[in-house]
Peer 1: 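Supplied in structure tokens, the structure appears directly below.
These numbers were taken from a predicted model, which means no experiment stands behind them.
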Amino acid sequence: MYSYTDFDAAFVATRNRQFRHQVERRISGALTEDEFKPLRLMNGLYLQLHAYMLRVAIPYGTLRSAQMDQLALLAEKWDKGYGHFTTRQNIQYNWPELRDVPDMLDALAEVGMHAIQTSGNTIRNVTADHFAGAAEGEVADPRPVAELLRQWSTDHPEFQFLPRKFKIAVTGCDADRAVIKAHDIGIQVVRQDGRIGYRVLVGGGLGRTPMIGKEIAPFVALPDLLPYVEAVVSVWNLLGRRDNKYKARIKITVHEHGIDEIRALVDRRFQETRAAFGGDALDIFDDIAAQFLPPAFRNAPTDAFDAACDADPTFRAWADTNLSAHRAPGYAIAQISLKAHGETPGDASAEQMRVMADLARTYGHDELRITHEQNVVLPHVHKSDLPAIHKILKAHGLATANIGRISDIIACPGMDYCALATARSIPIAQEIATRFDELKIENDIGELKIKISGCINACGHHHVGHIGILGLDRAGVENYQITLGGDATETAALGERTGPGFPAEGVVPAIERIVETYMAERTGPEETFLQAYRRLGMDPFKTALYGEDAGKKTRAA
């Protein structure tokens with residue numbers, strides 16, 4: 001894992017001192033809120049419905065135990081005892097006092113963390129596959145590249161006032177767990193003729209006008225990656241629509257100009273940036289990569305794991321849903337669900353954060369990951385330790401066995417916190433999870449991913465949910481549109497709207513009807529909801545939601 005250099009530490013300390021002075025001036029009245037706003041946004045501080053919110057970067061979702069402990073301290077000392085993990089692999093604190101924020105930032109700096117560029121029209125936190133370095137079938141660990149991009153983009157003088165925010169995601173596998181096709185730039189590590197390189201996608205994104213990213217370059221060699229990405233951002237920085245913030249994202253630029261024209265402009269600009277970079281990036285990359293070597297895996301029997309699976313049905317259920325295959329023999333990747341039925345998706349208390357930090361320190365090679373699905377991962381766990389880990393998780397409300405199930409819901413903060421939201425997300429997620437826990441059919445349903453957004457900005461990724469839910473305001477009443485067939489993986493797709501929306505009290509019954517239709521129509525338990533939808537189309541689900549006439553109209557159209 002990457003550790004701050006003296007330069008990094010000095011840079012963050014200087015920024016924190018500057019912001020402390022800016023906060024003092026705001027509190028004294030020397031700065032108005034309008035004057036203060038761009039300054040606070042550069043340091044990850046938002047003004048939400050009820051209070052300020054501090055968004056802290058967790059680069060490529062990777063944490064040490066000491067860093068998770070410090071996040072717990074922030075929650076306990078300066079907030080209300082919890083933090084909220086987000087779809088950008090960040091953590092948000094929803095209730096800090098403005099006067100305390102500089103102290104929070106100094107505390108983060110003590111463990112090599114900050115909140116720089118987690119907001120504003122700049123390049124945001126670079127995200128990555130949360131199984132990086134552990135997954136089977138990985139070409140290479142994508143985190144060294146993500147770190148290289150983080151260093152390049154932080155305080156980049158040309159890219160601090162972009163047309164809009166800009167998001168980059170990196171994966172090292174064919175299996176996409178980083179949603180690279182829904183990012184401004186998506187990068188996939190690939191191998192071509194024995195060489196490692198990078199496939200680059202551009203123009204993806206959700207929000208008001210969702211689009212799937214397009215391939216701009218099938219293979220970019222490592223020495224060329226930074227100058228190529230810089231060329232992409234430079235071209236968009238010049239072409240991007242500053243006259244209309246809803247048309248300012250690079251996806252609109254690509255749509256308006258076409259991928260071929262954008263590629264030609266980027267190639268032309270790349271010739272200039274390539275000459276300017278020289279070979280320094282390669283030396284920096286080698287130094288970075290040396291900090292991401294795999295841990296010293298141990299060779300030990302897995303009898304305790306096998307015995308626990310045979311003897312304890314609760315443990316077996318958790319193992320079946322929350323564990324994934326690891327590249328090292330005898331190891332597993334363990335996901336910790338932050339989606340206990342009826343709780344707020346993505347929230348973790350200070351106590352729970354410390355428990356997870358201790359587990360990583362004791363059993364997980366001192367490493368944790370945050371997923372874009374708002375869960376936590378122990379990426380390197382020997383199977384013989386899993387029974388003990390599960391026992392500790394269970395004692396602290398962290399052993400919910402529902403990864404990838406209908407209650408493992410992505411939900412934005414919605415109108416409970418966000419000033420932009422037009423409807424609530426959290427209560428809808430809680431009600432769905434509670435209802436299907438009551439029905440006891442989650443495992444019968446199998447893989448089904450619900451994603452909920454409280455406004456058209458789509459922070460809950462509803463467009464790429466197997467079932468997506470978008471909350472809107474209709475004449476002062478919350479109304480929820482439902483989409484089906486979205487996909488956030490390597491076969492990415494945008495969901496299709498079913499029809500008219502539902503009032504808040506009608507959402508859970510609507511989801512029940514969709515699920516009942518799937519279970520009645522599927523070829524067998526092995527056919528997932530997404531597979532069934534792709535085979536069946538919208539008709540049977542529309543009929544279930546709106547009646548036979550609606551299904552007939554769909555077929556006629």
Peer 1: Carefully, step by step, assess Asp155 and Arg15 under the rule salt bridge (charged side-chain N to carboxylate O under 4.0 Å, His left out).
Peer 2: CA-CA 10 Å; Asp155 224 27; Arg15 282 291 293 267; 3.4 Å; yes

Peer 1: For Ser28 and Arg25, which I'm curious about, is there any donor-acceptor pair between the side chains at under 3.5 Å?
Peer 2: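 No - no donor-acceptor pair under 3.5 Å links their side chains.
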
Peer 1: Rounded at 0.5 Å granularity, tell me how far CE in Met1 sits from OG1 in Thr62.
Peer 2: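 Separation between the atoms: 5.5 Å.
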
Peer 1: Check for a donor-acceptor pair, side chain of Arg55 on one end and backbone N or O of Thr118 on the other, with a separation under 3.5 Å.
Peer 2: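 Yes: the side chain of Arg55 pairs with the backbone of Thr118.
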
Peer 1: With side chains defined as the heavy atoms from C-beta onward, is the minimum distance between Phe11 and Tyr4 less than 4.5 Å?
Peer 2: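 Sidechains of Tyr4 and Phe11: no contact.
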
Peer 1: Report yes if the distance between the aromatic ring centroids of Trp236 and Phe166 is under 6.0 Å, otherwise no.
Peer 2: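 Between Trp236 and Phe166, the centre distance is under 6.0 Å.
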
Peer 1: Once you measure the plane-to-plane angle for Phe159 and Trp152, does it fall in the parallel (<30°), tilted (30-60°) or perpendicular (>60°) bin?
Peer 2: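 Plane angle over 60°, so perpendicular.
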
Peer 1: Going by distance alone, is a donor N or O of one side chain under 3.5 Å from an acceptor N or O of the other, for Thr32 and Asp34?
Peer 2: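 No, no side-chain donor-acceptor pair sits under 3.5 Å.
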
Peer 1: My understanding is that only residues two or more places apart in sequence, or in another chain, count here; which of them pass side chain to side chain donor-acceptor pair (under 3.5 Å) with Arg242?
Peer 2: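 Checked Arg242 against side chain to side chain donor-acceptor pair (under 3.5 Å); matches are Asn237.
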
Peer 1: Between Asn125 and Arg88, is there a donor-acceptor pair closer than 3.5 Å when you use the side chain of the first and the backbone of the second?
Peer 2: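 Side chain of Asn125 to backbone of Arg88, a donor-acceptor pair under 3.5 Å: yes, one is there.
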
Peer 1: Between Lys37 and Glu35, does a salt bridge (charged side-chain N to carboxylate O under 4.0 Å, His left out) hold up when you go through it step by step?
Peer 2: CA-CA 6 Å; Lys37 181 177 179 179; Glu35 292 168 331; over 6 Å; no

Peer 1: Between the side chain of Gln188 and the main-chain N/O of Tyr198, is any donor-acceptor distance below 3.5 Å?
Peer 2: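 Answer holds: no.
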
Peer 1: Does Tyr2 have any ring-ring contact (aromatic ring centres under 6.0 Å, His included) partners at least two apart in sequence or in another chain, and if so, which?
Peer 2: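 Not a single residue meets the ring-ring contact (aromatic ring centres under 6.0 Å, His included) criterion with Tyr2.
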
Peer 1: Any donor-acceptor pair under 3.5 Å linking the side chain of Gln70 with the backbone of Ala107?
Peer 2: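 Indeed, once roles are kept as given, a pair shorter than 3.5 Å links the two residues.
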
Peer 1: Could you tell me whether the side chain of Thr154 and the main chain of Gln151 form a donor-acceptor pair under 3.5 Å?
Peer 2: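 Absent.
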
Peer 1: Does a side-chain heavy-atom distance below 4.5 Å link Ile91 with Ile58?
Peer 2: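 Heavy-atom side-chain distance check passes, below 4.5 Å.
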
Peer 1: Is the closest side-chain donor-acceptor distance between Glu373 and His461 under 3.5 Å?
Peer 2: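 Not at all, the side chains of Glu373 and His461 share no donor-acceptor pair under 3.5 Å.
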
Peer 1: Go through the structure and list residues passing ring-ring contact (aromatic ring centres under 6.0 Å, His included) with Phe285, not counting sequence neighbours.
Peer 2: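 Per chain and number, Phe285 pairs via ring-ring contact (aromatic ring centres under 6.0 Å, His included) with no residue.
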
Peer 1: Do Leu378 and Leu359 touch side chain to side chain, with heavy atoms closer than 4.5 Å?
Peer 2: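 Result yes, sub-4.5 Å side-chain heavy-atom pair found.
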
Peer 1: For Thr422 and Gly454, indicate whether the former's side chain and the latter's backbone hold a donor-acceptor pair under 3.5 Å.
Peer 2: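 Confirmed, Thr422 side chain pairs with Gly454 backbone.
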
Peer 1: Are side-chain N/O atoms of Thr371 and Gln89 paired as donor and acceptor at under 3.5 Å?
Peer 2: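 The criterion, which ignores hydrogens and geometry beyond distance, is not satisfied for Gln89 and Thr371.
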
Peer 1: For Leu282 and Leu222, what are the C-alpha separation, side-chain angles and deciding distance, and is it a side chain to side chain contact (heavy atoms under 4.5 Å, CB included)?
Peer 2: CA-CA 8 Å; Leu282 273 181; Leu222 174 60; 3.6 Å; yes

Peer 1: Side chains of Asp408 and Asn375: is there a donor and an acceptor less than 3.5 Å apart?
Peer 2: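 Their side chains do contain a donor-acceptor pair, which is all the 3.5 Å distance test asks for.
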
Peer 1: Would you indicate whether the side-chain heavy atoms of Tyr417 and Leu49 approach each other to under 4.5 Å?
Peer 2: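 In short, these two side chains do not touch, never coming nearer than 4.5 Å.
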
Peer 1: Between His130 and His372, what is the ring plane arrangement, given parallel below 30°, perpendicular above 60°, and tilted in between?
Peer 2: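 Tilted.
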
Peer 1: Decide yes or no for Asp416 and Pro427: does some side-chain heavy atom of the first lie under 4.5 Å from some side-chain heavy atom of the second?
Peer 2: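 SC-SC contact between Asp416 and Pro427 confirmed.
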
Peer 1: Checking Gln430 against Glu343: is there a side-chain donor and acceptor pair closer than 3.5 Å?
Peer 2: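 Gln430 and Glu343 do not have a side-chain donor-acceptor pair below 3.5 Å.
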
Peer 1: Less than 4.5 Å apart, side chain to side chain, heavy atoms only: is that true for Ile123 and Ile168?
Peer 2: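 Ile123 reaches Ile168 side chain to side chain.
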
Peer 1: Checking side-chain polar atoms at under 3.5 Å, does Gln117 have a donor or acceptor matched by the opposite partner on Gln160?
Peer 2: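 Judged by distance alone, the side chains do pair up.
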
Peer 1: Without swapping roles, check the side chain of Asp184 against the backbone of Lys167 for a donor-acceptor pair under 3.5 Å.
Peer 2: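 Yes; at least one donor-acceptor contact below 3.5 Å.
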
Peer 1: Quick check for you: to the nearest 0.5 Å, what is the distance between Met353 atom CE and Glu76 atom CD?
Peer 2: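 So the CE of Met353 and the CD of Glu76 are separated by 9.5 Å.
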
Peer 1: Does Met211 reach the side chain of Ile252, with side-chain heavy atoms less than 4.5 Å apart?
Peer 2: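 Answer yes - side chains close enough.
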
Peer 1: Quick check against the 3.5 Å criterion: does Arg263 have a side-chain atom that pairs as donor or acceptor with the backbone of Glu215?
Peer 2: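 Checked: pair present.
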
Peer 1: Keeping the roles fixed (side chain from Asn16, backbone from Leu105), state whether a donor-acceptor pair exists under 3.5 Å.
Peer 2: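 Looks like yes, one N/O pair under 3.5 Å.
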
Peer 1: Can you tell me how far the NE2 atom of His463 sits from the CG atom of Leu494, to the nearest 0.5 Å?
Peer 2: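 Nearest 0.5 Å value for the NE2-CG distance: 7.5 Å.
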
Peer 1: Are Pro379 and Phe131 packed together at the side-chain level, in the sense that at least one heavy-atom pair is separated by less than 4.5 angstrom?
Peer 2: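 They are not in contact (no side-chain heavy atoms under 4.5 Å apart), so the answer is no.
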
Peer 1: On the ring face of Phe292, is Arg143 found with NZ or CZ under 6.0 Å from the centre and within 45° of the axis?
Peer 2: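 Here Arg143 fails the 6.0 Å and 45° test against Phe292.
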
Peer 1: Can you measure from CG (Leu201) to NZ (Lys214) and round to the nearest 0.5 angstrom?
Peer 2: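 With rounding to 0.5 Å, CG (Leu201) is 10.5 Å from NZ (Lys214).
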
Peer 1: Judged by atom type as modelled, is there a donor-acceptor pair below 3.5 Å linking the side chain of Asn457 to the main-chain atoms of Cys459?
Peer 2: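 A pair under 3.5 Å: no.
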
Peer 1: Please determine, by modelled atom types, if Ser3 and Arg64 share a side-chain donor-acceptor pair under 3.5 angstrom.
Peer 2: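 A donor-acceptor contact under 3.5 Å links the two side chains.
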
